[in-house]
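Everything quoted here is computed from the prediction, not taken from an experiment. A note on names: the letters A, B, ... follow the listed sequences, proteins ahead of strands, and every chain is numbered from 1.
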Amino acid sequence: MTAERFDPSVADGRWQAAWDEAKCFEADSASDKPKTYVLEMFPYPSGRIHIGHVRNYTMGDVLARYHAMRGREVLHPMGWDAFGMPAENAAMEKGVHPGGWTYANIETMKGQLKQLGFALDWSREFATCDAEYYGHEQALFLDLFENGLVYRKESEVNWDPVDMTVLANEQVIDGKGWRSGAEVEKRKLNQWFLKITDFAEDLLDGLSTLEGWPQKVRLMQENWIGKSQGLEFAFDLSNGEQLPVYTTRPDTIFGASFVAVAADHPIAQGVAAQSAEARDFIELCKKGGTTAAELETAEKLGFDTGITARHPFTGAELPLYIANFVLMDYGTGAIMAVPGHDQRDFEFASKYGLPIPRVVAPSVDEAAKPFDGEAEAGEGVLVNSDFLDGMSVEDAKAEVIARAEKGGWGKGTTVWRLRDWGVSRQRYWGTPIPFIHCEACGVVPVPKDQLPVKLPEDVSFDTPGNPLLRHPTWKDTACPVCGGKAERETDTLDTFVNSSWYFLRFASQPADKPFDAAEVAQWMPVDQYIGGIEHAILHLLYARFWTRALAHCGKLEVTEPFASLFTQGMVTHETYSRKDGPREVYFTPAEVDRTGNGAVLKEDGQPVSIGKVIKMSKSKKNVVDPEDIIRDYGADAVRWFMLSDSPPERDLPWSEAGIEGCGRFVQRLWRLFRQYDDSASGEDIGLARKTHQTIAAVAEDIEALAFNKAVARIYELTSAAEKAAPSADRNHAIRSLLLMASPMMPHLAEEGWAAMGGDGLVAEASWPEVDEALLVEDEVTIAVQHKGKLRDTLTAPRDASKEDLEALALASEKVQRSIDGAEIRKVIVVPGRLVNIVT
RNA sequence: GCGGGCGUGGCGGAAUGGUAGACGCCGGGGACUUAAAAUCCCCUGUCCUUUGAGACGUGCGGGUUCGAGUCCCGCCGCCCGCACCA
């Protein structure tokens, strides 16, 4: 007979090889079956798989395997988001080539993923740093260019003068470069932009169609796009100029008591040219911090320019200030300030002694009501506002916009928070932007037949800056238009571009073009996309934009790439540390022995303190290496742990005790599988019911991604089958358990399947059938309540009538004792559930 | 400030308005064993000179209902996103 214990160290590898050989997981685009595309966010090849990847890919794997069992043709691909800074950092630190470093990491991580037995179609694997992939990306970029969605613009960037590179906002810490520590400068550079703002309305509207997305993510995107509607109009200034301003509260226009512009507004610059005082003030504004806390506490500061602005209705001359709280890159960079109904304006007016008129009040009778130390931004009726008096805020907005448009001095406009997407990066390890700079012809696209523009291999990272710019010959080329001497663009594309269309390339990968529209149409949209919440905005918005942009160019039919999105929680772990003087020294879980309530350091046997359960991070050393735990417990125990206990959208606390429990359950199921007995016969109707109910419920749970609930049901049926005597129904229960567990513990399932004499591979088996007739019980337990409190339970036929149930309930001795002769006023009967007696 | 989410045993968490705490972990007790490992069984929210089909119990206070963890109103606490966005 079979081994007493399931040995993953032998079985895992055996079945992984068997799946590879049978090509179980290669998706067939030509299949007649209905299709399901399951995708997890592809990893950055940083070096090793971490536990978050394991959780992410295990969830997707369960879905992929489950849908295959349900007769779907499943596409479940994997690849590598392989461009990016860490490779260049490694090059600088260790003197290796970014490409060599990246491909070596891919090799390692692919091996690790294989150890987990994921049902991935490796035949479609690619890395975004493959010249083939980024060549196609360059072609797509040129398509967008031809369709007017790509442009160049001078814009301000964070420049690290030591590393000689542009930094993303996140790489600027306290005004200093995160690597060099150098004071970051603002520099104006010519940058490439994608016109994502052309799609702002469309991206916003599309959100309402994404019913399979978490509400949270939809709201985050909505806020990010930031649509606001209001009035744009221009003030006539006392110096003869015009000042356009934007407001979302045109209704409060009679409450405007000053006008303010941003420090970098042209008007401010003009004033600064005349006044040293103004220059000093502008300098001061630029120094202000940008962190949340700083902004919250930052004092409102202003500089009176001496210029005045004429109010369009009253003709009053309002003072014009340069103010530190006005932003240049939103609206027009200038505002009409209404202190009574905007908190910032209120603070500013209070400080500089400007009038704070009330123009909105709870009722018309309260036009003179004083303010209670702060602005009132809420609803009400208009007061002290001439022809607007008595109107609602909404009506007044419309009225002012209508008058402004009629008078030709302003118009209703929509303003977006969303900015165009700057994609230029002064880095080596990215997709070269396929353009050429010619002195005679300007900026010209590289002809498509010359793609890919490949990265040079012979680069050095010995000195800071962009290696492409420094390379002795790479940028030298001929102008494709005039044939004269020209230079290649040395900027590369933001890595978010790479991940904005990879799902299309997974679906279809012809050699001569980025993808085939018809083949893509067969797979897209992705039915279930799974990844971390950290990509809720940028990646998902960019991918939605690229899909729309490509559709706009006629390359695609679909507009929304991801029909359903699931954002999984993090894997967390408690921390172990000791105080060493003022600083906290952390220890890895492997260095620590967990005892009852405490923990001791293995090395010296002395206690360490147990800290909070937080996200695994290198700095807190609370990490576990997937490879270690796979070695100790086998892939299936690790996978099972990832699915048990915590709902998948919440954080999952890793624990040694938990993984041990999972390891035990793997063996427990194995022992049950061994009890499968062909010679057993006879019925066990109770177990049969439980089996069919479990099959139906587990299917429902998996489809809802409620893996923790599916796991609990499998535990329950396992217990029931263990306790049951041998019978044909018990054999069926065991077989069904094996099949239900197979998406989660595929190696164990294959091993058990083989031992039971099942045909072929479980990976290619079908989901067990449900007998609907067995889903309902003949007899049900009825709760009997007296005045809403449980007094007794009784067993009754499933279809017992209300009258019968009432009679049964009243016959209960316990119930009678509780009623104690009181008058029965009402009896509520819910058939099949309960009886509630009210006295 | 704006927007969103969440508060249930020692812990992770179950619960279409209908028996709160399924399932797992931890803990306790027992069986098997020369012993250990492995495994199996039982107990495990709080309280109680009524040990009982008792009382209390899902952050707090109200409400709706025959019945509320679930619905409504008002608080408190924690978490996340955005943020001087006019």
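A 3.5 Å limit on both hydrogen-bonding distances identifies B/U39 as the Watson-Crick or G-U partner of B/A31. Applying the Watson-Crick and G-U wobble criteria (two distances, each under 3.5 Å), B/C25 pairs with B/G10. B/A53 is unpaired under the Watson-Crick or G-U wobble criterion, no partner having all donor-acceptor distances under 3.5 Å. Applying the Watson-Crick and G-U wobble criteria (two distances, each under 3.5 Å), B/C60 pairs with B/G74. Nucleotide B/G69: unpaired (no Watson-Crick or G-U wobble partner with both distances less than 3.5 Å). The partner of B/C2 is B/G81, judged by Watson-Crick or G-U wobble contacts that both fall below 3.5 Å.
Within 4.0 Å (heavy atoms only), A/Glu716 reaches sugar-phosphate atoms of the nucleic acid but no base atom. Among the atoms of the strands shown, none is found under 4.0 Å from any heavy atom of A/Ser644. As judged by a 4.0 angstrom heavy-atom cut-off over every strand, A/Arg664 is placed among residues touching the sugar-phosphate backbone only. At the heavy-atom level, A/Val830 lies under 4.0 Å from base atoms of the strands shown. Among the atoms of the strands shown, only primed sugar atoms or phosphate atoms (P, OP1, OP2) are found under 4.0 Å from some heavy atom of A/Leu219. Here A/Lys826 lies in heavy-atom contact (under 4.0 Å) with sugar-phosphate atoms only. Base engagement by A/Thr781 is indicated by at least one non-hydrogen atom pair under 4.0 Å involving a base atom. Here A/Lys709 lies in heavy-atom contact (under 4.0 Å) with sugar-phosphate atoms only. Within the nucleic acid shown, A/Val326 comes within 4.0 Å of at least one base atom, counting heavy atoms only.
Distance noted for atom P between B/G7 and B/G12: 12 Å (whole Å). With both ends at atom P, the span from B/G24 to B/C75 equals 42 Å, rounded to whole Å. Rounded to the nearest Å, the gap between the P atom of B/G3 and that of B/C73 is 15 Å. Rounded to a whole angstrom, the distance from the P atom of B/C80 to that of B/G27 is 31 Å. To the nearest whole angstrom, the two P atoms, one in B/C84 and one in B/A15, are 40 Å apart. For the P atom pair drawn from B/C71 and B/C26, the interatomic distance equals 34 Å after rounding to whole Å. Look at the C1' atom in both B/U16 and B/U49: the space between them is 45 Å, to the nearest Å. Rounded to a whole angstrom, the distance from the C1' atom of B/U70 to that of B/G63 is 15 Å.
With distances taken from any side-chain atom of A/Arg791 to the nucleotides B/A55, B/G24, B/A14, the minimum falls on B/A55. Of the candidates B/C84, B/G12, B/C23, the closest approach to any side-chain atom of A/Tyr715 belongs to B/C23. The side chain of A/Arg817 has B/G54 as its nearest neighbour among B/G12, B/G54, B/G18. Distance from the side chain of A/Ala783 is smallest for B/U19 among the nucleotides B/G18, B/G12, B/U19. Candidate nucleotides B/G4, B/A38, B/C66 were compared by shortest atom distance to the side chain of A/Lys216, and B/G4 ranks first. In this structure, of B/G24, B/A22, B/G7, it is B/A22 that holds the atom nearest to the side chain of A/Ala712. Nearest to the side-chain atoms of A/Arg417 among the listed nucleotides B/A14, B/G54, B/C85 stands B/C85. The side chain of A/Arg671 has B/C40 as its nearest neighbour among B/G3, B/C40, B/A86. Comparing B/C26, B/C84, B/C23 by their closest approach to the side chain of A/Ala657 singles out B/C26.
Atom CD1 of A/Ile225 is separated from atom P of B/C85 by 19 Å (rounded to the nearest Å). What separates NE2 of A/His786 from P of B/G52 is a distance of 21 Å, to the nearest Å. Counting to the nearest Å, the C1' atom of B/C80 and the CD1 atom of A/Ile537 are 11 Å from each other. Straight-line distance from the NE2 atom of A/His539 to the P atom of B/G81: 18 Å, rounded to whole Å. Computed from coordinates, the A/Arg650 CZ to B/U8 C1' distance equals 10 Å when rounded to whole Å. A straight line from CD of A/Gln667 to C1' of B/A38 spans 10 Å, rounded to a whole angstrom. The distance from atom CD1 of A/Ile828 to atom P of B/G17 is 18 Å, rounded to the nearest whole Å. Summarising the geometry, the separation between CG on A/Asp251 and P on B/A86 is reported as 13 Å, rounded to the nearest angstrom.
Annotation: A/Trp640 is in aromatic contact with A/Tyr715 [ring centroid separation under 6.0 Å]. Close placement of the A/Phe348 and A/Phe325 rings is indicated, their centers lying within 6.0 Å of each other. Between A/Trp421 and A/Phe496, the gap from one ring centroid to the other reaches at least 6.0 Å.
Evaluation of atom-type donor-acceptor distances gives a pair under 3.5 Å for the side chain of A/Lys300 against the base of B/C84. If you check distances only, the side chain of A/Thr332 never reaches the base of B/A86 with a donor-acceptor pair under 3.5 Å.
Atom CZ in A/Phe233 sits 11.0 Å away from atom CD1 in A/Ile401 (nearest 0.5 Å).
Between A/Tyr246 and A/Asn836, the one whose closest nucleotide on RNA chain B sits nearer the 5' end is A/Asn836. Summary of the strand contacts: A/Asn708 and A/Ser228 both lie near RNA chain B, and taking for each the nucleotide with the nearest heavy atom, the more 5' one is attributed to A/Asn708.
In this entry the base of B/G9 is syn relative to its sugar, with a glycosidic angle within 90° of 0.
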request  = Would you sort out whether A/Thr567 and A/Glu534 count as a side-chain contact (heavy atoms from CB on, under 4.5 Å), showing the intermediate values?
outcome  = CA-CA 9 Å; A/Thr567 54; A/Glu534 67 275 18; over 6 Å; no

request  = Please lay out, stage by stage, how A/Leu652 and A/Thr572 fare under the test side-chain contact (heavy atoms from CB on, under 4.5 Å).
outcome  = CA-CA 6 Å; A/Leu652 171 67; A/Thr572 57; 5.9 Å; no

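A salt bridge is defined here as a Lys NZ or Arg NE, NH1 or NH2 lying under 4.0 Å from an Asp or Glu carboxylate O, and A/Glu201 with A/Lys227 meets this definition. The residues A/Arg358 and A/Glu376 are annotated as salt-bridged, a charged nitrogen and a carboxylate oxygen being separated by less than 4.0 angstrom.
Screening A/Thr839, A/Asn836, A/Asp792 against A/His786 for a side chain to side chain donor-acceptor pair (under 3.5 Å) leaves a single residue, A/Thr839.
Look at A/Lys814 and you won't find any side-chain N or O under 4.0 angstrom from OP1 or OP2 of B/U19.
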